[in-house]
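Below is one structure, written out as structure tokens, with a few remarks after it.
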Amino acid sequence: MKTSSRMLPLVDWLRPREAAMARLLEQFVRAESPSFDKAAVDHFGRIVAAEWRRRGARVTLVRQRESGDHVRAEWNPRGNRARGQVLVLGHLDTVYRLGTLAGMPFRVSRGRAYGPGAFDMKGGLVIALFAVDTLTATGRLPQKRIVFLWTSDEEIGSGTSRAVIEREARRSDAVLVLEPAAGLDGRVKTGRKGVGEIEIVAKGRAAHAGLNPEDGINAIEEIALQVARISRWNQPSRGITVNAGLVEGGTRTNVIPESARVLVDVRAVRASDMRVLERKFRALRPILRGAKLQIRGGFNRPPMERKSSVALYAKARALAEEMGLSLDEAYVGGGSDGNFTAALGVPTLDGLGAVGEGAHGPNENIVIRALPERAALVASLLASI
Ligand SMILES: [Zn+2]
């Protein structure tokens with residue numbers, strides 16, 4: 001008896017396509033797309049859009065003035081018989097400045113593919129395309145309309161994409177996020193901390209450090225005292241971190257500095273802790289007599305709490321098991337666009353993208369052999385939600 005491709009398990013259809021997946025990844029990595037370079041992100045977005053059009057998706061660009069355009073690809077093989085929507089999320093942008101490729105070229109070595117953005121998250125974009133290919137080839141068409149949303153500014157806080165993401169999420173029954181997996185065993189992410197950035201600006205009074213120091217109010221000293229105070233708010237066992245990550249201030253050593261500032265990264269596991277922390281920052285008062293403080297910013301990504309991932313994770317685990325793969329979960333401190341969708345109460349599973357290591361660093365790479373398995377996992381989720 002002949003086996004038609006319609007009877008092939010998804011992963012068996014994908015395995016012979018591993019090299020094709022790596023070639024598409026190479027094409028994607030070579031189109032550099034730093035968040036702050038609109039022209040470069042748009043160029044890469046057009047390459048991605050063309051791949052989706054080739055697969056019969058209806059592609060629209062969500063135009064942006066400053067950042068790159070977001071790419072929305074709607075794949076709806078059942079037309080108006082579709083029942084509901086699934087949102088698949090990812091981003092086009094990378095943290096690498098234009099020209100990084102020259103010193104960090106795309107290369108394949110010992111089963112890994114290296115290059116800027118290969119892991120975070122161009123590998124995920126490749127996985128999505130091949131997931132659709134295998135579903136089409138094997139005739140396992142999803143019941144729901146699938147919207148793939150590839151945004152341009154995830155690495156810089158999703159300022160222009162957040163509203164677009166939330167609008168699509170509200171009309172979706174589930175959200176799959178193709179951000180990198182955790183660890184080389186490919187764990188999916190079922191929880192993420194809430195993330196924020198707070199700026200504390202101190203204003204003092206300038207004076208000559210030698211002639212009339214008593215007239216000065218040292219803004220750097222004020223900031224130093226505040227940093228010592230907020231650092232005590234760290235509670236690692238509760239998942240609360242407060243990190244003063246950048247300080248600026250002063251002009252010359254013989255001048256008592258008039259102004260200084262610190263940027264603080266804040267993270268929390270619980271939404272309630274997030275609110276308490278924000279209130280504590282707002283309540284900060286100057287320590288030095290005569291100094292003034294301004295507090296700006298706050299949490300920009302709410303926590304992704306595990307309860308929003310539990311059901312999808314159980315389903316993914318069962319599907320992986322059918323393919324002879326094991327799948328575990330991870331809780332991570334980093335935020336993603338999945339934080340937004342989970343906070344709306346829409347079931348969200350994150351970390352479904354590439355398996356690899358070294359995100360945002362010079363050795364960023366993915367495990368090529370895992371590409372077909374990940375695409376099969378995403379495809380089987382799309383077919384069964
Ligand atoms: Zn990412």
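Counting convention: from 1, in listed order, for ligands and their atoms alike.
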Let me see the working for Ser336 and Arg301 under side chain to side chain donor-acceptor pair (under 3.5 Å), right down to the final yes or no. CA-CA 8 Å; Ser336 88; Arg301 290 186 199 276; 6.0 Å; no

For the side chain to side chain contact (heavy atoms under 4.5 Å, CB included) test, which of Leu89, Val88, Val59 pairs with Trp150? Val88

Please determine whether a side-chain nitrogen of the Lys or Arg among Glu357 and Arg112 lies less than 4.0 Å from a carboxylate oxygen of the Asp or Glu. yes

At the Zn ion (ligand 1), what angle lies between atom OD1 of Asp120 and atom NE2 of His91, rounded to 10 degrees? 100°

Among the N, O or S atoms of Glu179, which one sits nearest to the Zn ion (ligand 1)? OE1

Leu10 vs Arg140, side chain to side chain contact (heavy atoms under 4.5 Å, CB included): CA-CA, chis, key distance, verdict: CA-CA 9 Å; Leu10 300 172; Arg140 291 184 54 189; 3.5 Å; yes

N/O/S from Glu155 sitting under 2.8 Å away from the Zn ion (ligand 1): no

